[in-house]
Amino acid sequence: MSAVGAFLSRGGRHGAMFAARLAPGPRRALGLLAVWFVIAFAGPLLAPHAPGEIVDRDVFAGVSLHHWLGTDYLGRDLGSRLLWGVRYTVLICTLSTLLSCCCGIVLGIAATATSVWVERVLGRLMDGLLSIPSLLFALLVIAAAGESIPALILTMGVIYMPGSYRTSRALALRIARADYVTAALARGEGRAFVILREILPNMTGPLLSDIGLRFVYAVLLLSNLSFLGLGVQPPLVDLGSLVRENVLGLAYGAPAVVVPTLVLALLTVGINLALDGRRP
Amino acid sequence: MTRSLGPLILGRLAASAFSLAFVVVTIFAITAALPGDVADTLLGQSATPEAAASLRHAMALDQPAWLRFWHWAGDMLHADPGRSLLTGRPVAELVGPRLYNSLLLAGATAAVSVPLSLALGLACTMARGTVFDRAATVLMLGTVSVPVFLIATVAVFVFAVQFHLAPALADINAVHSPLQFVRVFLMPVATLSGATTAQMSRMIRACMIDVFSAPWIEMAVLKGVPPVRIVLFHALPNAIGPVVNAIALSLSSLLGGVVVVETVFSYPGMAGLMVDSVAARDVPVVQCCALIFCMVYLALTTLADVVAVASAPRGRDR
Amino acid sequence: MTNLISVRGLRVTGRRADGGDVPIVRDVSLEARQGEVLALVGESGSGKTTIALALMGHARAGCGISGGEIEVAGHRVDRLDAAGLRAFRGRTISYVAQNAGSAFNPALTLHRQVIEPALTHWVLPRREAERRAVELFRAMALPHPETIGARYPHQLSGGQLQRLMAAMALITEPEVVVFDEPTTALDVTTQIEVLEAFRAVLAHRGITGVYVTHDLAVVAQVADRAVVLRHGAVCESDATAMVLERPRTAYARQLVEACHLPVRPARPAAAPADGAAAEPVLTVSDVIVGYGRVDARGLPARRILDGIDLSVPQGRILGIIGESGCGKSTLARTIAGLQPPAAGTLRFRGDILAGGVGHRTPEQRRRLQIVAQNADLVLNPAWTVGAILERVLEFFHGLRGVAARAEALRLLDLVHLPHALFDRRPMELSGGQKQRVNFARALAARPDLVLCDEITAALDPVVAAAILELMSELQATLGLSCVFITHDLHALRAVCDRVAVLLGGHVVEQCEAASLMDGAHHPYTQLLVSSVPEMRAGWLDEVAARRRATTPGPVPPAADGGCPFTPRCGLRVEGVCDRVPPPIINSPDGQRIACHLPPDELPVLPRT
């Protein structure tokens, strides 16, 4: 055990390499996410065509030199649309994940660090939120507030907050019971110091895994919504709506439906596999 | 020992009652108190302020929110969810038959996936570390990490497009014989079961492996107890609580799956109705469907909770 | 005479996360004759449990038996297939686990688990098995042998479970029983009963035993032969007496020496040098700590500590000894300000010490430091050793930068750690090193009083001995006052000047550490002291014989308001001890005993 621990932490001894001290799971997931970010930011800049531009009369065209990934149901360049789709999927999900995890982590730590009543009230509220299945919650909000992107981000942020709250509360609670926290308190350290320097650094690894997981959930939810026609609306495009609008191409095995599907699977399965790591 | 069980279960029931209240208030708050109000939606772009005001008055939307909530909750209690804004028909009439269809679909899925997941989860636990376990784990993880519509799309591609085994659309009215029943239900149930089984068996495996790391399992091995007996006699009694909870939690994803699958296969269920109503901003129907879904889910999780509490190994109360 | 157990060239390897192999057991050969008890002795990580499990053909997850021959009672264990192993385990060889509390299935009655081996192996029909189980319960001196099996594991004590586990191991009448540290988790007074039960049954049935332990004193009582292991290899193997009395290898000598801790010489209380009255550093008076309903006077219904009176004189070490559940950790937390008392006062250098740490002055917090039990949990894994020390220096003394670093390095010197550890993180340190860092952190505050809570409990004997030595040394050079909380009488005698014996939240006796082993004492002190195994053969027989003479009668109803030792006391006075709080007998040499017995009737320990 300790030998493995020593092996893991050796790389980060001189402080600079934070990532090296992480477990391999979150480390690989972080790397993978970084790749997707590059695609999300740089992709549309490199796209040969505008996403709405009809470039070919041939719909559901196959792979060709002009259109690397063929065309969609209106004869638009799929490759370009895909790059835009990745951007929207990744960005919307990233923002909503950041929203839910920031709120969840802050509340989770607040619940452990403040009074019992705060914890009870928060716990009840989170339980209440958790008892509404996520897709249903999203449908409700969309019914009321429409499918605007800020509404989607906010909704998904709220939906995945309770999970993040639970994880960070459990983690913080476990670490707060550790003797080094007791020692800091007995020394008379302030609450802020204890939270920021003693508790938080020991939560990063597991929290990163949790954030990764929640990102995958968000991607799944957004894609499902878009597939139902209730997520990202035209002329904007994300991976789910790409599949939806091209689903007729399924009969011909058109790349227009197969490729977005594969990319979506690559995104979610990849991160999940990376996070799952080498667990027995 | 039993004396402490009653209060515990009562506690869970009270927590569920609170959650139910929370759900009711939230559903109302989201659908009725948000800015985009129904009158505007119904009248569309051309609405004059007077027309909107009179419609609001007609729909009692000018009353304060708490009063509207009071009336709404009262109507729901009397099983009167109002009338559809779109068709004017009573919501109960719309939802009734579709609720039955959805329950049929969910029931068929549960009947397939619960035993399958149990078997798969236990098999993986017993064979953990082997190629079978690894392959199954990766497959489950892969299935859990893709959206349900993707599985549905693949199912359509394989069963309907390539092999013509089943129709791509589930025409429930065409069922006149058992064979037709199977043909119609094959794809929706297969899709849903695939997604649910992956989730469920993954969680069951995690619970069982957790139990298997206990020292008393090693003790049983060292007593020469056969593996099957270890699983059934030693591990399962301790795993009932977590496993039941895992099953209940997976049903949440089943609910999400039902929404997508009903839409993909044009299955005439309640989830499909809800999606259409969301698109049409038909708020009373959405409220009613959401409430029913939440109640079913809450009932299941509460049941699982109670079972888990009642079956917890003795010894926590020392 | 042929060997019943014979192992040649055993190798066990573990797989690392990166796929490499690590040898855990290397080329181990050992043998045991029919009816012998073979002890596997070693520190944690020496491979002793791994070898014992290998005898049963078992390797834990991530490990595998990779070579060598294992022969047990005519079976080539290394060549058995899965079915063969199942038939062999529990029938020919059986296992008694270290912690019976977790090795019994919590969801099943003990009875079903105890007779399970007999039914699985078709040794006996159910009825016969049940009868034999009751017989074994009786042989193990378990209470209510007929009905005890109907209970669940959580309803019994650790000592009882350990005996039930032995009964389970014996129900198929195996030829070999493996005992894996079966008494390590028990208190000494319980350990003695369990050891005696084990030994009687083994001898009576002529069973061959393999006894895994780190405690040489236990080895002296139970084993015929001892194999000393280190880093997965055999270090020394001989008859028990030879290993204990004339160890040949340096490591075995070290192990034996660690069991003979030098006793701290008696020192007179520090004379008031500058005329001021020798004021105690810390005074604890009438402290009550508890939980549950609070009565009219603000006192809790369930008390963990009940009327504790103690004081720590300047420059001396007060030892607090007691068994699990006696409230000693709560006392540490109360003094540290982590668990405020419901009643009573704490005084530090004459000033009132607030119950909660938040209400104490920074100066008080600085001057009272804690060294806690588990160094793994007490050092923040995210910080380097240097940062841990520098933070304390900055917090209390405002030291930063070069000054802080220099002082931190000086502290490392003080606890005999190399400067190279400055940039390491706790995960990279050994247990002993962590405990030294833990010490250094406390010393960084330049405290007057150091509270040491079970600082050696998680360490191996050799490492623990070094830590105790360090503690004595630091106390002497820095003139510290200490509270030393422990369950280990050897450790107590090695470092303490004065001793308080804690039982059920009461201090039953206070005396000078030097006089602990002889003279008149509280009956509980006497029981405690005489239960600590000595490293000589025959000790167990002597004690057992003496105990049988003074076994208390049937246990009276639980003491309420009376002496906490009443139910176990052989000298109790019915109607008095269980009702009336015992008076405190003060003797001129500073001894205080809370007992109803007149001083001349108190039990007297023989001088050793």
Side-chain angles (χ1 to χ4, degrees), chain A residues 123-125 127-148 151 155 213 216-217 219-230 239-240 243-244 247 250-253 257-258 260-262 264-273 275-276 279-280, chain B residues 15-16 18-23 25-27 30-38 41 128-129 137-138 141-142 144-150 153-154 156-157 161 168 209 251-253 255-257 259-260 263-264 271 274-275 277-283 286-287 289-290 293-294 297-298 301:
Chain A
R124 279 274 151 271
L125 286 181
D127 278 355
L129 274 179
L130 274 176
S131 61
I132 306 179
S134 50
L135 189 58
L136 219 63
F137 194 102
L139 289 180
L140 270 173
V141 178
I142 289 164
E147 300 99 341
S148 74
T155 311
L213 217 57
V216 172
Y217 291 158
V219 173
L220 294 181
L221 180 60
L222 180 69
S223 312
N224 270 330
L225 283 175
S226 290
F227 182 79
L228 295 175
L230 300 170
L239 291 175
V243 179
R244 171 189 169 82
V247 81
L250 196 62
Y252 328 109
V257 62
V258 175
T261 310
L262 282 180
L264 191 53
L266 205 64
L267 174 63
T268 51
V269 177
I271 292 177
N272 247 351
L273 276 179
L275 281 177
D276 200 55
R279 253 178 267 146
Chain B
S16 297
F18 179 89
S19 290
L20 182 63
F22 182 91
V23 165
V25 173
T26 310
I27 289 178
I30 292 176
T31 50
L34 277 175
D37 126 0
V38 192
T41 320
R128 68 187 180 291
T137 314
V138 170
L141 185 67
V144 188
S145 13
V146 296
V148 181
F149 71 76
L150 203 148
T153 318
V154 172
V156 169
F157 189 70
V161 178
I209 286 202
L251 292 177
S252 153
S253 74
L255 278 178
V259 175
V260 175
T263 311
V264 173
M274 184 172 170
V275 171
S277 306
V278 168
R281 306 287 187 271
D282 195 345
V283 172
V286 173
Q287 284 174 333
C289 293
F293 269 127
C294 286
Y297 178 53
L298 206 56
T301 45

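Only heavy atoms go into these numbers, but all of them, side chains included; no hydrogens, no water, no symmetry mates. Reminder, nothing fancy here: chain letters follow the sequence lines and each chain counts from 1. Keep in mind that this is a model prediction, so the values were computed, not measured.
- B:Gly142 approaches A:Val269 most closely through the heavy-atom pair O-CG2, 3.8 Å.
- Note: B:Val275 leads B:Val144, B:Leu298, B:Val275, B:Val138 in heavy-atom pairs under 4.5 Å with chain A.
- Across A:Leu220, A:Thr261, A:Leu221, a single residue satisfies side-chain contact (heavy atoms from CB on, under 4.5 Å) together with B:Pro147, and that is A:Leu220.
- Top candidate by heavy-atom pairs under 4.5 Å with chain B, chosen from A:Val216, A:Ile271, A:Leu129, A:Val219, is A:Leu129.
- Only the side chain of B:Thr26 comes within less than 4.5 Å of a heavy atom in chain A; its backbone stays farther off.
- With a 4.5 Å cut-off on non-hydrogen atoms, A:Leu130 touches chain B through its backbone but not through its side chain.
- A 4.5 Å side-chain heavy-atom check between A:Phe227 and B:Val148 finds every atom pair outside the cut-off.
- A pairwise comparison of heavy atoms in B:Val23 and A:Gly128 identifies CG2-O, 4.2 Å as the closest pair.
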Can you give the donor-acceptor pairs under 3.5 Å from side chains of residues 134-145 of chain A to other protein atoms, not counting sequence neighbours?
none

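- Between the SG atom in B:Cys294 and the CD1 atom in A:Ile132 there is a gap of 5.0 Å [rounded to 0.5 Å].
- Proximity to chain A involves both the backbone and the side chain of B:Ala15, based on heavy atoms less than 4.5 angstrom apart.
- The greatest number of non-hydrogen atom pairs below 4.5 Å with chain A, out of B:Val260, B:Val25, B:Thr137, is found for B:Val260.
- Rounding to the nearest 0.5 Å gives a distance of 9.0 Å between OG1 of B:Thr263 and CZ of A:Arg244.
- Looking only at distances, a side-chain donor or acceptor of A:Thr268 sits under 3.5 Å from a matching main-chain atom of B:Ser145.
- Taking the side chain as every heavy atom from C-beta outward, B:Phe149 and A:Ser223 approach each other to under 4.5 Å.
- Counting heavy-atom pairs under 4.5 Å between each of B:Val259, B:Thr301, B:Leu20 and chain A puts B:Val259 at the top.
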